[in-house]
J.: 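The following block contains the structure, expressed as structure tokens.
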2 protein chains.
Amino acid sequence: MSNTTIKILAKELNLSVASVSKALRDSHEISKETKEKVLALAQKLNYVPNPYASSLRKRKSKTIAVVLPEVADSFFSLAINGIESVAQDKGYHVLIYLTHESFAREEAILNEFKSGRVDGILISVSDETNTSDHIKQVIASGKPVVFFDRVCDDVEAAKITTDDMESSYQATHHLVMNGCRKIAYLYTSKNLSINDKRMEGYKKALSDSGLKINEDFIVLCEGNTAGNFEIIRNLLKNKNRPDGIIACVEKLTTPIYLACHDLKLAIPDKIKVISFTNLQAALILSPPLTTVTQPAFEMGKTAAMVLFKALEKNNYNLKKETIVIPSQLTIRSTTKKDLGV
Amino acid sequence: MSNTTIKILAKELNLSVASVSKALRDSHEISKETKEKVLALAQKLNYVPNPYASSLRKRKSKTIAVVLPEVADSFFSLAINGIESVAQDKGYHVLIYLTHESFAREEAILNEFKSGRVDGILISVSDETNTSDHIKQVIASGKPVVFFDRVCDDVEAAKITTDDMESSYQATHHLVMNGCRKIAYLYTSKNLSINDKRMEGYKKALSDSGLKINEDFIVLCEGNTAGNFEIIRNLLKNKNRPDGIIACVEKLTTPIYLACHDLKLAIPDKIKVISFTNLQAALILSPPLTTVTQPAFEMGKTAAMVLFKALEKNNYNLKKETIVIPSQLTIRSTTKKDLGV
DNA sequence: CTTATCAGCGAAAACGGTTTCGTAAATAAA
DNA sequence: TTTATTTACGAAACCGTTTTCGCTGATAAG
């Protein structure tokens, strides 16, 4: 119950609150002896400064916000670890907000940030987000914003992404090199720029290989595994089915495996699979999954570091910084070349 | 940049700050017309109240803390979703802190909570935690604390757990029923009560089945997958190797599969495996993994709900509440009974 | 010896809300 | 008409800290 305040310390020591405050902040205006006395009593009474009083006065909250679609995905789990590690290092606190892929929520959350609650924002936008006024407003209110992974192209702010286009190109190319001619591309959102880029890489790789793009093989999936299972199953039970699949979202992996198993389509003999995922379990799947893994932890970490650069210096024009951290294609059994074609 | 304050609204409307404040909070002391005027201007100037000023005066932060070991695990990812969903519902903000399994960090983090930064705490303790003074002090300072999953037995507070003992008993029993006689138990921490309970269930199931407990089969693993691979490999390459494994932590799954594969030990023919995990990918592993899945989302959600019950009423003695949400044993191929023994 | 400098501290004004209490006018009760 | 009550608002204290500025006494410089 004992909420020790500076006032209490001051009274106890026959000092003014001003002096106590300065002593605690190790000001040169205070003599060594008084500082020691103050520190000792603070220790003894277990004094913990009220952060909100301090924030109010200093107009700094020592807090950042992380707004994410969800933490279901292993990408965001790892990203949070990266972010938190540097925040804790810098003595900052991190507020977490989930949009659940809803633009309305994202808007409401961002609107709050115009107050002084946070000093800066790390955001990966929802897949419903196709306008960005809410973000621009926050930036206009003076808060630095750093995008990571899912960005808004039309907002001028720091952006930490991975090489979505290139890695998708490589993945597609890898399938082509291993014999695929009819490659399907599975995705879950029309809005995300990240998706545009991956699809662009996919299409470009096909074109560069002289393969034509079949729009029937570009299929939009949805939220739940059961529904996706049906969608994928329908795609694969077709006579003219694809001989390769690229899943650009982690959660599509399970329904793909299930659908192939259900249809008795052997991976990789009948169909080859690549998934964008950070699941460690990829290498113990049956068969082990060829993956494009994003540098999730690194992305979170550098996003946070860029944000802190903006927070620590008053040099706000650092904000146009754009960092691309490459993803990695890890080749395993699901894309193994057929020996006897 | 425009940080609209109540003072600005007041001046603009020729009202006192008191009246504006009351109007915004829809006080009965203010006439309908003035309220409308105030609301309109607030809207127009995009007024967002400063939360810290409000927190300072009201001595409420509308913020809770969630302190976790890590979010690497899918359990905690799901739990965060559960927590955040109810917090957002109640209009609360959630600060997230990771201890990285370090007691020192946990202590430092908890110590901060004696200030008014948060109104309540949700915690799953680090595996180094074997004293609980830091938690008791926070409770003594008047903040409600709710444990979830990993609890401190000697602290009087609300606790949301799963039936670790029973589910472990069932898992072990399931292995016994399917023919295992030499069952190994793999764990990663000596301290956690959650682990004691799981081990207790394991031992009890063995005893009840008339099997003797072999201490060599109770093996302590560590943090990284590579090291665990070696440990498990050593266990399994033994002449007198186990014919069943229970992994009480998700991250042990991968090294188990790898070690078995490396030693060409067929699962489930040569060795059967059960893992405590929430990985959705369990059903597409090779072979599909029998799991004990914890109700992660539910646990997070009810932990938050219990906390809010304490926050909303002044009835603090609700705090001795203990809720156990059962885990689920999902039987898949890794424990399939041998047909021809 | 006089004046500038400096070390060490305190008074008080912020920061932006909330809340208590008082008060004037309007209305209702007597 | 007088008194009581209600309505609608304002003044000011307050939450706990930070920060500016001023003050005193001591020391250094001239």
Side-chain angles (χ1 to χ4, degrees), chain A residues 1-39 41-42 45-63 112-119 141-142, chain B residues 1-39 41-42 45-63 112-119 141-142:
Chain A
M1 205 40 99
S2 78
N3 267 343
T4 317
T5 67
I6 280 195
K7 213 175 290 180
I8 294 176
L9 297 181
K11 181 166 286 179
E12 194 81 12
L13 292 167
N14 278 325
L15 284 171
S16 71
V17 291
S19 299
V20 175
S21 174
K22 288 172 191 165
L24 291 170
R25 323 197 76 238
D26 200 30
S27 160
H28 63 271
E29 294 183 31
I30 304 295
S31 73
K32 201 164 281 183
E33 302 84 47
T34 356
K35 277 182 192 170
E36 280 165 5
K37 270 192 252 171
V38 171
L39 265 305
L41 187 65
L45 298 187
N46 217 314
Y47 168 73
V48 180
N50 183 314
Y52 297 147
S54 169
S55 292
L56 181 58
R57 178 63 229 239
K58 296 206 290 187
R59 303 163 142 282
K60 290 276 172 208
S61 65
K62 279 267 179 185
T63 304
E112 266 259 12
F113 297 158
K114 294 174 195 161
S115 73
R117 190 180 293 278
V118 297
D119 296 341
S141 84
Chain B
M1 204 40 100
S2 78
N3 267 342
T4 316
T5 67
I6 280 195
K7 212 174 289 180
I8 294 175
L9 297 182
K11 179 165 288 178
E12 194 81 12
L13 293 166
N14 277 324
L15 284 171
S16 71
V17 290
S19 299
V20 175
S21 173
K22 287 173 191 165
L24 290 169
R25 322 197 76 240
D26 201 28
S27 160
H28 62 272
E29 294 182 33
I30 304 295
S31 73
K32 201 164 284 181
E33 302 82 48
T34 3
K35 276 182 194 168
E36 280 165 5
K37 270 192 252 170
V38 172
L39 265 304
L41 188 65
L45 298 187
N46 218 315
Y47 168 73
V48 180
N50 182 314
Y52 297 147
S54 166
S55 291
L56 182 58
R57 177 65 229 242
K58 297 206 288 187
R59 302 165 144 282
K60 290 277 172 205
S61 66
K62 279 269 179 185
T63 303
E112 265 257 14
F113 298 158
K114 293 174 195 160
S115 73
R117 190 179 293 276
V118 298
D119 297 341
S141 84

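Every value quoted in this text rests on a predicted model; they were computed, and no experiment measured them. Numbers restart at 1 for each chain; the letters A, B, ... are given by sequence-line order, proteins then strands.
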J.: Using a heavy-atom cut-off of 4.0 Å across all strands, would you classify A:P49 as base, sugar-phosphate, or nothing?
T.: sugar-phosphate
J.: What heavy-atom pair brings A:D26 and A:K35 nearest, and what distance separates the two atoms?
T.: OD1-NZ, 3.0 Å
J.: Hey, is the side chain of A:S16 poking within less than 4.0 Å of OP1 or OP2 on C:dG10, counting only N and O atoms?
T.: yes
J.: For nucleotides 20-24 of chain C, which of its nitrogen or oxygen atoms have a protein nitrogen or oxygen under 3.5 Å away, and what is each distance?
T.:
from, atom 1, to, atom 2, distance (Å)
C:dT20, O4, B:K22, NZ, 3.4

J.: For C:dT18, does either OP1 or OP2 sit under 4.0 Å from a side-chain N or O belonging to A:Y52?
T.: no
J.: Where is the tightest heavy-atom contact between A:K22 and A:I30, given as atom of each residue plus distance?
T.: CB-CG1, 3.7 Å
J.: At less than 4.0 Å, is any side-chain N or O atom of B:S21 found next to OP1 or OP2 of C:dT18? Yes or no.
T.: yes
J.: Taking atom C1' of C:dG16 as reference, at what distance in whole Å does atom CG of A:N50 sit?
T.: 14 Å
J.: Say you draw a straight line from OG1 of A:T63 to CZ of B:R117; how long is it, rounded to the nearest 0.5 Å?
T.: 5.0 Å
J.: Let me know the distance between CG of A:L15 and P of C:dA11, rounded to the nearest Å.
T.: 11 Å
J.: Ignoring hydrogens, what is the shortest heavy-atom contact between A:S55 and A:S61? Give both atom names and the distance.
T.: OG-CA, 3.5 Å
J.: To the nearest Å, give me how far apart CG (A:N14) and C1' (C:dG10) are.
T.: 13 Å
J.: Grab the NZ-C1' distance between B:K11 and C:dG16 for me, whole Å please.
T.: 14 Å
J.: Whole-Å distance between C:dA13 P and B:K7 NZ?
T.: 13 Å
J.: Quick one: closest heavy-atom pair of A:K114 and B:V48, and the distance?
T.: CB-CG2, 4.1 Å
J.: For the pair made of CZ in B:R25 and C1' in C:dG16, what is the distance, rounded to whole Å?
T.: 13 Å
J.: Mapping B:E33 and B:A53 to their closest nucleotides on DNA chain D, which lands nearer the 5' end?
T.: B:E33
J.: Shortest non-hydrogen contact from B:I8 to B:N3?
T.: CD1-O, 3.9 Å
J.: C:dA13 P sits how many Å from A:R59 CZ, rounded?
T.: 19 Å
J.: Between B:S19 and B:L56, name the one whose nearest nucleotide on DNA chain C is closer to the 5' end.
T.: B:L56
J.: Between atom CD in A:E36 and atom C1' in C:dG8, what is the gap in whole Å?
T.: 15 Å
J.: Compare every heavy atom of A:P51 with every heavy atom of B:G116, then report the nearest pair and how far apart it is.
T.: N-CD, 4.2 Å
J.: Answer with base, sugar-phosphate or nothing: what part of the nucleic acid does B:T34 contact at a heavy-atom distance below 4.0 Å?
T.: sugar-phosphate
J.: On DNA chain D, reading 5' to 3', which nucleotide is the first and which the last to sit with an atom under 4.0 Å from a heavy atom of chain B, could you check?
T.: D:dA8 to D:dG16
J.: Evaluate side chain to side chain contact (heavy atoms under 4.5 Å, CB included) for B:L9 paired with B:T4, printing each intermediate quantity in order.
T.: CA-CA 7 Å; B:L9 297 182; B:T4 316; 3.9 Å; yes
J.: Do A:Y47 and A:L41 have side chains that get closer than 4.5 Å, going by heavy atoms?
T.: no
J.: Start with the C-alpha distance between B:L24 and B:V38, add both sets of side-chain angles, then the distance that settles side chain to side chain contact (heavy atoms under 4.5 Å, CB included), and finish with yes or no.
T.: CA-CA 7 Å; B:L24 290 169; B:V38 172; 3.8 Å; yes
